[in-house]
Colleague: 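The structure that follows is given in the form of C-alpha cells.
If you read the sequence from its start, that first residue is 1, and numbering goes on from there. Side chains are part of it too, since the values below use all heavy atoms of this structure and drop only hydrogens, waters and symmetry mates. Bear in mind the structure is a predicted one, so any value in this text is a computation, not a measurement.
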Amino acid sequence: MARLFGTDGVRGLANRDLTAELALKLSVAVAHELGSSGTSYGGHRAAAVVGRDPRASGEFLSAAVMAGFASAGVDVLNAGVLPTPAVAYLTARMDAEMGAVLSASHNAMPDNGIKFFAGGGHKLADDIEDAIAGRLDAEWERPTGARVGRIRPFPQGADFYMEHLLESVPGRLDGLHVVVDAAHGAASHVGPEVFKRAGATVDTIGGDPDGLNINDGHGSTHLERLQQAVIDRGADLGFAFDGDADRCLAVDADGNTVDGDQIMAVLAVDMRERGTLAHDTLVATVMSNLGLLQAMEREGIKVVQTAVGDRYVLEEMRAQGYTLGGEQSGHVIMLDHGTTGDGVLTALAIARRVRAAGRPLAELASIMTRLPQVLINVKGVDKDRVGEDEAVQSEVAAASAELDGSGRVLLRKSGTEPLVRVMVEADTAERAQQYAERLASVVQERLAL
C-alpha cells in the first residue's frame, strides 16, 4: 500500500485526493498522537497553530483541520494566511503541541497539501507519520461540553513572525532597493512588509493573491518577471519565494539568477566571518553543484552532503549541531533561527550581507562558479538495479575517471517511479551533455523493463 505521507506531508489534487473528510480525520489522528496530555481532559489542554497559503481550497481544508483538532479536544489558534516557516515558528513560540499548514508549496493552484509540526515547530519523523496514518480509522472517545477544543483567531501571529525575522537578522537595510516576488502566495504581506520595516525600498510583484493565482507565472519557479522588474526598476537585487515561502531564489542587479547553492555559499562565508557557522561546516545535498564544493574548499569550509530533500539536510544538522544547510532549489535552513527552510529569513540574510559588505550581490555570489549541469531522466527501467549492475557501474567509473576532477557523475533512483536520474557536471556544457547521454544510453540498455 502506498504511504499516505510523502516527503513533505500529505499532498494531492484538492477535493479529489485531498478531501475535507481526509483533512478532518488526519487532524484528529494528529491530535491523538501528539496531544494525548491535552485530550485527557485534565489540567493543561493541548493547543495547535494552523495557517495556510491563499489557495481557494485552503479555506475549506483549513476549516476541516481546525474542526478535527477542536473535536478531539485541542484548542486552535487560527493564524490565517502565513508562510510555512511562520507556522513552525509560532508553534514553538506559543508552546503548542502541534501545528498544521495547508499548502502545496510551488505546485499549481488546484493542488493542496497538509504539513504537520510537532511541539517546538519540528517536522514529523517517519515513524510518527506512520503512526498517525494508522490511527485514521481508529475508534475514539469524543469529548463533549466544555471539553471540546476552542477555535480562536490569531491575527497577531504575523507580527510575532516579522519581529522574529528582524531580531534574527539585525541591521538596517536603508539605501537598498529590493524587488520581492511573493508568488501571489503566503508571503504576499509579510515578505514585502518585513523589508520595509528593515528600511529597504521595496517594489512588490506577485503580491495580490486572489485564491486562484498562486505560483501562476510568478515566484521561484518563474523568475522571468522578477529578472525584468529588477532591471526595469533599477533595483539592487530581487527575491522570489514559492507559494508557502519556505524557499527563496535571488536575482542580482543585472537580472542574473542566484540559486540556492550560491545563496548558501554567500551565507556560509558571512556566518564563518561572524563566528556563527558551527564547526565551519555547510550541509548540502548530493545534487548541489560541484562549484559549491570547490568554492567552500577554497574558503576552508567543510561540506557535508546528504540525500536529496530538505528533511535529510535538517536531520543531519540537528544530529551534528550544524547551523547552515540547504538545497540548490532555494530551501535554506538557518538552524539558529528556525526549524525549517525559510525563504523570507534567507532573503533578509542575503540583503543584510549585501548592505553590510557594501558590495553588489553579483560580486558576492561570484565566490562560486556553477559548473554546467545536465540531468536526464531515464524512464521505464528497473531502478533498484542501478547500484549493482556491473556495466552501469563500470561506465560511471570510466566517466568519472575521464572527467578527472573537472566534473562529476551521479545516478539516483526515483522514490516513486521506475526512473533513474542521470546527472553530470563538467567544465563545459558540451561535455556534460555528452557524458549524460552516454550514461543514460547504458542505463536504458541495461535496466530496461
Colleague: Could you tell me whether the side chain of Glu33 and the main chain of Ile132 form a donor-acceptor pair under 3.5 Å?
Modeller: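 Answer holds: no.
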Colleague: Cationic tip of Arg93 within the cone over Phe160's six-membered ring, i.e. under 6.0 Å and within 45° of the normal?
Modeller: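 So Arg93 does make the cation-pi contact.
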Colleague: For the atom pair CG (Leu136) and CG (Leu4), what is the distance rounded to the nearest 0.5 Å?
Modeller: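 These two atoms lie 6.0 Å from each other.
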Colleague: Using the rule given for salt bridge (Lys or Arg N to Asp or Glu O under 4.0 Å), can you reason through Asp17 versus Arg11, listing the C-alpha separation, both sets of side-chain angles and the distance that settles it, and then say yes or no?
Modeller: CA-CA 8 Å; Asp17 305 317; Arg11 189 177 295 184; over 6 Å; no
Colleague: Before accepting this row, confirm whether a basic side-chain N of the pair Arg370/Asp259 lies closer than 4.0 Å to the acidic partner's carboxylate O.
Modeller: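 Salt bridge between Arg370 and Asp259, a charged N being under 4.0 Å from a carboxylate O: yes.
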Colleague: Could you walk me through whether Val304 and Gln320 pass the side chain to side chain contact (heavy atoms under 4.5 Å, CB included) check?
Modeller: CA-CA 11 Å; Val304 172; Gln320 304 300 328; over 6 Å; no
Colleague: So, for Ile263 and Ala250, which heavy atoms are closest and what is the spacing to 0.1 Å?
Modeller: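 Of all heavy-atom pairs spanning Ile263 and Ala250, the closest is CD1-N, 4.1 Å.
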Colleague: Can you give me the closest heavy-atom contact between Asp111 and Leu13, atom names plus distance?
Modeller: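 Heavy atoms of Asp111 and Leu13 come nearest at OD1-CA, 3.6 Å.
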Colleague: Do Ser288 and Glu327 pair up side chain to side chain, a donor and an acceptor below 3.5 Å, judged on atom types alone?
Modeller: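 There is no such pair (donor and acceptor under 3.5 Å, judged by atom type) between the side chains of Ser288 and Glu327.
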Colleague: Using 0.5 Å steps for rounding, measure from the CE atom of Met66 to the CG atom of Leu24.
Modeller: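 Reported to 0.5 Å precision, the distance equals 11.5 Å.
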Colleague: Can you tell if the side chain of Asp53 reaches within under 4.5 Å of the side chain of Thr84, non-hydrogen atoms only?
Modeller: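 Asp53 does not reach Thr84 side chain to side chain.
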Colleague: What is the minimum heavy-atom distance between Thr91 and Ala118, and which atoms define it?
Modeller: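 Smallest interatomic distance, heavy atoms only, reads CG2-O, 3.7 Å.
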Colleague: Can you list the steps and then say if Asp159 with Arg197 is a salt bridge (Lys or Arg N to Asp or Glu O under 4.0 Å)?
Modeller: CA-CA 11 Å; Asp159 281 324; Arg197 293 188 185 188; 2.9 Å; yes
Colleague: Salt bridge check: are Arg247 and Asp310 linked by an N-O gap of less than 4.0 Å?
Modeller: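 Looking at Asp310 together with Arg247, the answer is no, because their closest N to O distance does not fall below 4.0 Å.
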Colleague: Do other residues, nucleotides or ligands put more than 12 heavy atoms under 6.0 Å from the CD atom of Glu297?
Modeller: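 Atom CD in Glu297 is not packed in, count stays at 12 or less.
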Colleague: Using a 3.5 Å distance criterion without hydrogens, assess whether the side chain of His164 forms a donor-acceptor pair with backbone atoms of His337.
Modeller: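 The answer is yes, because a donor-acceptor pair under 3.5 Å joins these two groups.
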Colleague: Ignoring hydrogens and angles, state whether a donor on the side chain of His331 or Asp246 is under 3.5 Å from an acceptor on the partner side chain.
Modeller: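 Side chains of His331 and Asp246: pair found under 3.5 Å.
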Colleague: Quick one: does any side-chain atom of Lys383 pair with a main-chain N or O of Glu417 as donor and acceptor, under 3.5 Å?
Modeller: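 Here the side-chain-to-backbone pair exists.
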Colleague: Are Leu419 and Val378 side-chain neighbours, meaning at least one heavy-atom pair lies under 4.5 Å?
Modeller: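 No - every pair of side-chain heavy atoms lies 4.5 Å or more apart.
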Colleague: Got a donor-acceptor contact below 3.5 angstrom from the Thr281 side chain to the His279 backbone?
Modeller: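 Judged by distance alone, yes, a pair lies under 3.5 Å.
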Colleague: Carefully, step by step, assess Arg45 and Val74 under the rule side chain to side chain contact (heavy atoms under 4.5 Å, CB included).
Modeller: CA-CA 7 Å; Arg45 184 152 68 185; Val74 175; 6.0 Å; no
Colleague: Does Lys413 use its side chain to pair, donor to acceptor, with the backbone of Val420 at less than 3.5 Å?
Modeller: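 Not a single qualifying donor-acceptor pair exists.
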Colleague: Grab the two heavy atoms, one from Ala182 and one from Phe241, that are nearest each other, plus how far apart they are.
Modeller: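 So the minimum-distance heavy-atom pair works out to CA-CD1, 4.2 Å.
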Colleague: Can you confirm whether the side chains of His177 and Arg233 place a donor and an acceptor under 3.5 Å from each other?
Modeller: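 Side chains of His177 and Arg233: no pair found under 3.5 Å.
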Colleague: Can you tell me if Asp342 and Tyr161 form a side-chain donor-acceptor pair at under 3.5 Å?
Modeller: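 On atom types as modelled, these side chains qualify, holding a pair under 3.5 Å.
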Colleague: Answer yes or no: does atom CZ of Arg172 have more than 12 heavy-atom neighbours from other residues, nucleotides or ligands under 6.0 Å?
Modeller: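 Yes, because the 6.0 Å sphere around CZ of Arg172 holds more than 12 heavy atoms from other groups.
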Colleague: Please name the residue in the list Val354, Leu348, Leu237 that meets the side-chain contact (heavy atoms from CB on, under 4.5 Å) test with Val178.
Modeller: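 Answer after filtering Val354, Leu348, Leu237: Leu237.
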Colleague: Is the side chain of Asn78 donor-acceptor paired with the backbone N or O of Gly80 at a distance under 3.5 Å, no angle test?
Modeller: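 Looks like yes, one N/O pair under 3.5 Å.
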Colleague: Kindly determine whether Leu223 and Leu249 satisfy side chain to side chain contact (heavy atoms under 4.5 Å, CB included), including the steps that lead there.
Modeller: CA-CA 9 Å; Leu223 291 177; Leu249 294 179; 4.1 Å; yes
Colleague: What heavy-atom pair brings Gly338 and Ile333 nearest, and what distance separates the two atoms?
Modeller: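 For Gly338 versus Ile333, the nearest heavy atoms are O-CG2, 4.5 Å.
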Colleague: Answer whether the closest heavy-atom distance between the side chains of Met334 and Thr323 falls below 4.5 Å.
Modeller: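 No; the side chains remain at least 4.5 Å from each other.
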Colleague: Output the distance between atom CG (Leu26) and atom CG (Leu18), rounded to the nearest 0.5 Å.
Modeller: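 Separation between the atoms: 8.0 Å.
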Colleague: Under 3.5 Å, side chain of Asn213 to main-chain N/O of Asp216, donor-acceptor pair present?
Modeller: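 Such a contact is absent between Asn213 side chain and Asp216 backbone.
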Colleague: If you count the non-hydrogen atoms of other residues, nucleotides and ligands that lie under 6.0 Å from CG in Asp210, is the total more than 12?
Modeller: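 More than 12 heavy atoms, drawn from other residues, nucleotides or ligands, come within 6.0 Å of this atom.
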Colleague: Under 3.5 Å, is there a donor-acceptor pair linking the side chains of Ser220 and Asp242?
Modeller: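 Note: Ser220 and Asp242 side chains miss the donor-acceptor criterion.
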Colleague: Picking from Val87, Asp244, Ile114, Val81, what satisfies side-chain contact (heavy atoms from CB on, under 4.5 Å) with Leu102?
Modeller: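 That would be Ile114; it is the only one of Val87, Asp244, Ile114, Val81 passing the side-chain contact (heavy atoms from CB on, under 4.5 Å) with Leu102.
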Colleague: Using side-chain heavy atoms (C-beta onward) and a distance below 4.5 Å, is Arg353 in contact with Glu273?
Modeller: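 Yes. Closest side-chain heavy atoms under 4.5 Å.
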Colleague: Which residue, Leu410, Val286, Val409, Leu411, forms the side-chain contact (heavy atoms from CB on, under 4.5 Å) with Met423?
Modeller: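 The passing option is Leu410.
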Colleague: Strictly below 4.0 Å, N to O, side chains only: are Asp126 and Arg311 in salt-bridge contact?
Modeller: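 Between Arg311 and Asp126 there is a salt bridge, with a charged N closer than 4.0 Å to a carboxylate O.
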Colleague: With side chains defined as the heavy atoms from C-beta onward, is the minimum distance between Arg408 and Leu403 less than 4.5 Å?
Modeller: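 Of all side-chain heavy-atom pairs linking Leu403 with Arg408, none is under 4.5 Å.
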Colleague: Taking C-beta and beyond as the side chain, do Asn107 and Asn215 meet within less than 4.5 Å on heavy atoms?
Modeller: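 Result no, sub-4.5 Å side-chain heavy-atom pair not found.
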Colleague: Looking at Arg150 and Asp75, is there a salt bridge between them, counting it only when a charged N and a carboxylate O are closer than 4.0 Å?
Modeller: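 Answer for the salt bridge query: no.
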Colleague: If we only count heavy atoms from C-beta on, is the Met296 to Arg298 side-chain gap below 4.5 Å?
Modeller: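 The answer is no; the side chains never approach within 4.5 Å.
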Colleague: Grab the two heavy atoms, one from Val65 and one from Ala100, that are nearest each other, plus how far apart they are.
Modeller: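 That closest heavy-atom pairing would be CG1-CB, 4.0 Å.
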Colleague: Looking at CG of Leu166 and CZ of Arg352, how far apart are the two atoms once the value is rounded to the nearest 0.5 Å?
Modeller: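 Those atoms lie 13.0 Å apart.
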Colleague: Should the pair Lys25-Glu21 be classified as a salt bridge under the 4.0 Å nitrogen-to-oxygen rule?
Modeller: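 Between Glu21 and Lys25 there is no salt bridge, as every charged N stays at least 4.0 Å from the carboxylate O atoms.
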Colleague: Under a 3.5 Å distance rule, please check whether Thr204 uses its side chain to pair with a backbone N or O of Gly207 as donor and acceptor.
Modeller: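 Here the side-chain-to-backbone pair does not exist.
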Colleague: Any donor-acceptor pair under 3.5 Å linking the side chain of Arg55 with the backbone of Leu212?
Modeller: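 Not a single qualifying donor-acceptor pair exists.
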Colleague: Any donor and acceptor pair, going by atom type alone, linking the side chain of Asn289 with main-chain N or O of Leu371 inside 3.5 Å?
Modeller: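 Between the backbone of Leu371 and the side chain of Asn289 there is a qualifying donor-acceptor contact (under 3.5 Å).
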Colleague: Between atom OH of Tyr312 and atom OG1 of Thr306, what is the distance when rounded to the nearest 0.5 Å?
Modeller: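 Between atom OH of Tyr312 and atom OG1 of Thr306 there are 9.0 Å.
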Colleague: Answer yes or no: does atom CZ of Arg274 have more than 12 heavy-atom neighbours from other residues, nucleotides or ligands under 6.0 Å?
Modeller: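 Yes, because the 6.0 Å sphere around CZ of Arg274 holds more than 12 heavy atoms from other groups.
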Colleague: Determine, stepwise, if the pair Val266 / Ile350 fulfils side chain to side chain contact (heavy atoms under 4.5 Å, CB included).
Modeller: CA-CA 8 Å; Val266 172; Ile350 287 292; 3.8 Å; yes
Colleague: Going from CE on Met264 to CE on Met368, what distance comes out if it is rounded to the nearest 0.5 angstrom?
Modeller: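 The CE atom of Met264 sits 8.5 Å away from the CE atom of Met368.
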Colleague: Considering only heavy atoms from C-beta outward, does the side chain of Val30 approach that of Phe69 to under 4.5 Å?
Modeller: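 Yes, their side chains come closer than 4.5 Å.
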